[in-house]
Every structure is written in C-alpha cells, then in structure tokens.
Amino acid sequence: MEKFPGSFASKQPGLSTSIFAVMSGLANECNAINLSQGFPDFPISEKLISLVEKYMRKGMNQYAPMQGVLSLREGIAEKVKSTCNVEYDSVKEINITAGGTQAISSIIAAFIHPDDEALIFEPAYDSYAPSVILNGGIVKYVELRQPDFHIDWKEIKKMISNRTRMIILNTPHNPSGSIWKPEDMKELEKITQNTDIIILSDEVYEHLIFDGIRHESVCLYPELAQRSLIVGSFGKTFHTTGWKVGFVLAPENLMSEFRKVHQFVVFCVNTPVQHAYAEFIRDKDNYESLSSFYQQKRDLFAKLIQESRFKVVPCYGTYFQLLDYSRISEEKEFDFAVRLTKEYGLGSVPVSAFYHKGNENKLLRFCFAKTDETLEKSAEILCKI
C-alpha cells in the first residue's frame with residue numbers, strides 16, 4: 001500500500017510499542033517460557049465457560065445496555081457490600097467496561113482538561129501517562145521510594161498545585177507488588193480535603209493480596225470515596241484476561257461524566273460474558289479463595305529460587321514478583337531481560353520500562369500466575385544463571 005501523501009503531526013511522538021507486547025513477542029519468537037505478560041497459563045473455570053455457552057444459547061448475543069447488564073452490576077454491588085461493607089447503587093454508580101485499561105482511559109478523558117495536572121506514582125502501569133497527555137494534560141511523576149516502594153508524602157504535598165486535577169493510584173501495585181496502607185489513605189484524605197482533585201484508583205488486583213493483609217480500597221474512606229472512580233477487572237479476578245471485561249465504581253455525579261465518554265468509546269461490552277459473570281460472581285468462593293491460591297504460587301516460586309543468585313523483593317499483592325539481579329550482572333534491565341529470553345529461554349519485563357526516564361535498579365518483573373510446572377521450569381533456569 002502506498003504511503004499517505006499528506007503530512008501529519010503525531011499526537012504521541014515519543015511513544016513506542018508497549019513493553020508487554022515487546023517482551024511477550026520476543027518470548028514467543030524465542031520459544032521461551034513467558035513470565036513477562038501478566039496472564040495465567042492454567043485453565044479457567046469449566047463452570048464459567050459453560051455459563052457463557054448457556055447464555056449464548058439462550059440468545060443473549062445482542063447489544064447489552066451501555067451501563068452493563070443489570071444483573072452483573074447488582075452482583076458487583078453485592079460483592080462490594082460483602083467485602084468492604086460499602087454500598088454502591090447498581091443503576092447509578094456502577095458501569096461495566098471493556099477491561100481495566102479502557103476504564104482508565106475513559107476516566108482520564110472524562111475529567112482531564114488541557115493543562116490539568118495528574119499525579120502518577122512510578123513505577124507505573126504504562127497506560128496512565130499516555131492517556132493524560134493525549135487529553136492535553138500534564139503528568140507530574142512521583143517516584144515510589146525503594147527498597148519497599150513506599151510513598152514520600154512530603155514530596156506529594158509539594159507537588160500539589162491549583163492545577164492538580166487528578167491523582168492516579170494503583171493498589172495492589174503493578175509492578176512492585178507493594179500495597180497502600182491505612183496511613184497512606186489517611187494522608188491522601190488530608191491532601192485532597194477541600195480541593196477539586198479527582199482520584200482514579202486502579203484496584204484490578206483487589207483480590208490478589210497476601211499474608212492476611214486487608215486491601216485498602218479508597219471506598220473504605222468516605223471522604224475519598226466521594227471523589228474517586230475505582231477500576232476493577234474480571235480478567236484478573238477470574239483468570240480471563242482475554243475476555244476484556246472490567247468495571248468502574250463511582251458516585252453518581254462522577255459516573256454520569258464517565259458515561260458521557262464511555263458510550264462513545266465502546267458503548268457496551270460482550271453480552272453473554274456479562275451474564276455468565278453475573279451468575280458466577282454470586283458464589284463468594286470464586287473470588288474469596290484467590291488470595292490463598294496466589295499466595296501459594298508466590299511462596300512456591302520464592303522457595304524454588306532461594307538457591308539462585310537473584311534476590312526476591314517482598315511481594316504483598318498482584319501476581320508479579322520482582323527479582324534483583326545486581327549480584328549477577330551490571331547490564332541494563334532491558335538488555336539483561338532480552339539476554340535472559342534469548343540465551344536462557346525465560347521471558348520477563350524490565351522494571352525500568354515502568355518509569356518515564358527509564359530508571360535503572362537491576363530489577364525484572366516475573367508473572368507467577370502460572371502452573372506449578374511452569375514455575376518449576378522457570379526456577380530451574382534462574383538457578384543456573
């Protein structure tokens with residue numbers, strides 16, 4: 001095909017292909033074990049598959065309501081009431097989305113005006129900043145402090161201005177596996193009090209949290225809840241990342257603004273899958289058992305590599321484990337990750353890719369949402385390096 005004859009200015013001139021696509025593609029090309037991209041390699045629930053087929057055969061194959069299938073929104077409301085003892089109106093305050101990333105992008109589009117500032121905590125999921133910039137906003141980066149990726153609240157206070165429109169947080173945190181604590185939420189309450197700041201709370205790993213720790217959702221804090229849009233993901237919760245279904249929780253005034261954008265981005269989401277989730281979510285064990293399930297995998301992976309030269313960074317949530325390779329190589333993270341894939345047959349993601357300036361800390365991210373067999377094979381490789 002011939003090139004477009006005219007000229008145009010790129011809206012994202014500095015943006016390249018996502019690191020997840022790059023490293024996952026390299027793993028596939030090298031026939032390597034893929035612990036780079038965050039998706040399980042084990043089967044999903046047969047019951048859930050049967051439910052999708054059931055609703056397809058019942059004729060639930062046309063457009064769903066823009067807000068989402070009501071029975072699913074009611075199921076989400078029941079889940080939030082059960083887990084957090086917080087009530088969201090299933091009609092006015094819950095919306096189904098085409099995955100978490102679409103939810104995040106649409107929230108940012110709904111509230112960020114040109115020259116509005118958005119605070120992002122780094123290392124950060126790579127969709128946040130581009131969405132802010134695409135909508136004319138200005139990103140202000142806040143670096144989480146190592147070695148435990150904690151927040152320096154004195155720094156945050158200095159960065160808040162009268163142009164601060166949004167704070168984007170993520171807990172449990174991808175890629176570090178760290179979590180926000182009650183004292184962090186209380187500090188956020190103080191900083192945002194008497195302001196017009198909106199909070200985008202990415203909580204897609206809400207049920208993947210370990211060691212008996214409570215997930216500190218912003219909805220647990222009334223003053224934060226009234227200014228927050230919370231993003232959830234059925235892909236993460238039910239091991240169905242390819243189905244791309246998520247949801248947003250927000251008070252009615254914020255939800256009405258979100259829907260103005262959402263309706264013209266995707267309008268609605270996969271109908272039979274929504275009906276299947278609506279039935280599946282009614283069984284609490286389908287999400288309450290996740291913490292112990294993934295904690296077992298985290299612990300197994302850590303145990304298997306304890307004789308290696310990699311250092312395990314404490315992980316309290318998500319299904320990602322950071323490994324420090326500073327005792328092995330002085331190579332930059334991307335270079336070492338590429339060599340690990342090509343020479344040893346194991347895919348990972350360099351944590352430097354989660355920073356806008358590519359900070360180097362000799363850390364790689366590995367996904368442990370895998371079968372025990374995959375984790376054993378991966379650990380065998382790591383122990384030989």
Side-chain angles (χ1 to χ4, degrees), residues 73-97 100 103-104 107 111 119-121 125 142 144 148-151 153 156-157 160 166-174 176-234 236-237 246-255 258 281 284 286-292 294-295 315-318:
R73 287 182 279 145
E74 290 172 341
I76 293 169
E78 291 173 13
K79 181 181 77 72
V80 176
K81 176 66 176 176
S82 173
T83 57
C84 299
N85 196 30
V86 176
E87 294 186 358
Y88 279 88
D89 187 293
S90 59
V91 174
K92 300 175 182 178
E93 299 181 324
I94 301 175
N95 210 99
I96 309 304
T97 63
I104 290 164
I107 290 169
F111 294 99
L119 269 62
I120 294 176
F121 297 90
Y125 180 56
V142 183
L144 296 174
D148 59 350
F149 296 92
H150 70 274
I151 301 165
W153 286 102
I156 304 294
K157 291 172 184 176
I160 298 291
M166 181 177 287
I167 297 176
I168 302 175
L169 64 92
N170 172 212
T171 185
H173 181 254
N174 173 21
S176 74
S178 63
I179 55 172
W180 278 48
K181 300 173 182 177
E183 50 266 38
D184 293 317
M185 291 298 178
K186 290 172 184 175
E187 288 289 346
L188 185 61
E189 271 188 330
K190 292 177 186 176
I191 284 175
T192 56
Q193 201 168 36
N194 300 319
T195 72
D196 294 325
I197 295 173
I198 288 167
I199 296 167
L200 193 172
S201 188
D202 180 352
E203 301 182 18
V204 297
Y205 299 100
E206 60 179 320
H207 296 297
L208 282 64
I209 193 162
F210 315 130
D211 304 320
I213 300 171
R214 184 181 81 160
H215 168 53
E216 295 299 321
S217 171
V218 294
C219 77
L220 295 169
Y221 299 83
E223 289 187 22
L224 292 179
Q226 68 183 359
R227 64 174 73 246
S228 297
L229 296 101
I230 300 171
V231 176
S233 167
F234 291 114
K236 303 298 189 295
T237 301
F247 60 89
V248 173
L249 308 174
E252 183 180 1
N253 62 326
L254 299 183
M255 181 58 75
F258 168 80
I281 202 174
K284 294 181 182 180
N286 287 329
Y287 55 85
E288 289 182 344
S289 61
L290 284 175
S291 291
S292 59
Y294 276 115
Q295 183 170 327
C315 164
Y316 301 103
T318 76

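This structure is a prediction, so every number in the text was calculated from the model and none was measured. All values below come from the heavy atoms of this structure, side chains included, with hydrogens, waters and symmetry mates left out.
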Main-chain N/O of Pro172 paired to Asn170 side chain as donor or acceptor, under 3.5 Å: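 Yes, because the side chain of Asn170 sits within donor-acceptor range (under 3.5 Å) of the backbone of Pro172.
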N/O donor-acceptor pair under 3.5 Å between Ser82 side chain and Glu78 backbone: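 Side chain of Ser82 to backbone of Glu78: no pair is present.
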Residue pair [X] / [Y]: nearest heavy atoms and the distance that separates them:
| X | Y | value |
| --- | --- | --- |
| Ala250 | Tyr88 | N-CE2, 3.7 Å |
| Val231 | Ala103 | CG1-CB, 3.9 Å |
| Gly232 | Val204 | C-CG1, 4.0 Å |

Side chain to side chain contact (heavy atoms under 4.5 Å, CB included) assessment of Leu290 paired with Thr237: CA-CA 8 Å; Leu290 284 175; Thr237 301; 3.6 Å; yes
Check: [Y] and [X] side chains under 4.5 Å, non-hydrogen atoms:
| X | Y | answer |
| --- | --- | --- |
| Ile230 | Val80 | no |
| Ile96 | Arg73 | yes |
| Asp202 | Leu169 | no |
| Glu252 | Met255 | no |
| Tyr125 | Ile168 | no |
| Lys81 | Val86 | no |

Listed partners of Asn286 passing side-chain hydrogen bond (donor to acceptor under 3.5 Å, both in side chains), at least two apart: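 Once residues adjacent in sequence are excluded, Asn286 has no partner under the side-chain hydrogen bond (donor to acceptor under 3.5 Å, both in side chains) criterion.
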side-chain hydrogen bond (donor to acceptor under 3.5 Å, both in side chains) involving Asp148 - partner list, sequence neighbours excluded: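 If we apply the side-chain hydrogen bond (donor to acceptor under 3.5 Å, both in side chains) test to Asp148, skipping adjacent residues, the hits are His150.
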Side chain to side chain contact (heavy atoms under 4.5 Å, CB included) evaluation trace for Leu229 with Ile198: CA-CA 8 Å; Leu229 296 101; Ile198 288 167; 3.6 Å; yes
Return the [atom1] to [atom2] distance between [X] and [Y], rounded to the nearest 0.5 Å.
| X | Y | atom1 | atom2 | value |
| --- | --- | --- | --- | --- |
| Lys186 | Asp184 | NZ | CG | 10.5 Å |
| Leu254 | Leu200 | CG | CG | 11.0 Å |
| Glu183 | Leu188 | CD | CG | 13.0 Å |
| Met185 | Ile199 | CE | CD1 | 8.0 Å |
| Ser178 | His173 | OG | NE2 | 5.5 Å |

Would you give me the side-chain donor-acceptor pairs under 3.5 Å for residues 205-224, sequence neighbours excluded?
| unit_1 | atom_1 | unit_2 | atom_2 | d |
| --- | --- | --- | --- | --- |
| Glu206 | OE1 | Lys79 | NZ | 3.3 |
| Glu206 | OE2 | Lys79 | NZ | 3.3 |
| His207 | NE2 | Lys79 | NZ | 3.1 |
| Asp211 | OD1 | Arg298 | NH2 | 2.9 |
| Asp211 | OD2 | Arg298 | NH1 | 3.0 |
| Arg214 | NE | Glu216 | OE2 | 2.9 |
| Arg214 | NH2 | Glu216 | OE1 | 2.9 |
| Arg214 | NH2 | Glu216 | OE2 | 3.2 |
| His215 | NE2 | Glu203 | OE1 | 2.9 |
| Glu216 | OE1 | Tyr221 | OH | 2.5 |
| Ser217 | OG | Glu203 | OE1 | 2.8 |
| Ser217 | OG | Glu203 | OE2 | 3.3 |
| Ser217 | OG | Cys219 | N | 3.1 |
| Glu223 | OE1 | Gln193 | NE2 | 3.3 |

Between Phe121 and Trp180, ring centroids under 6.0 Å: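 Yes.
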Ring centres under 6.0 angstrom apart (Phe234, Phe247):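 Ring centres of Phe247 and Phe234 closer than 6.0 Å.
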Derivation of the side chain to side chain contact (heavy atoms under 4.5 Å, CB included) call for Leu144 and Ile151: CA-CA 5 Å; Leu144 296 174; Ile151 301 165; 3.6 Å; yes
Test side-chain contact (heavy atoms from CB on, under 4.5 Å) applied to Met166 and Ile197, Asp196, Leu119, Ile107, the passing residue: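 One option only clears the test, and that one is Ile107.
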Within 6.0 angstrom of Tyr316 OH, more than 12 heavy atoms from elsewhere: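 No, the 6.0 Å shell around OH holds no more than 12 heavy atoms from other groups.
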Enclosure of Glu87 CD (heavy-atom neighbours >12, cutoff 6.0 Å):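 Open.
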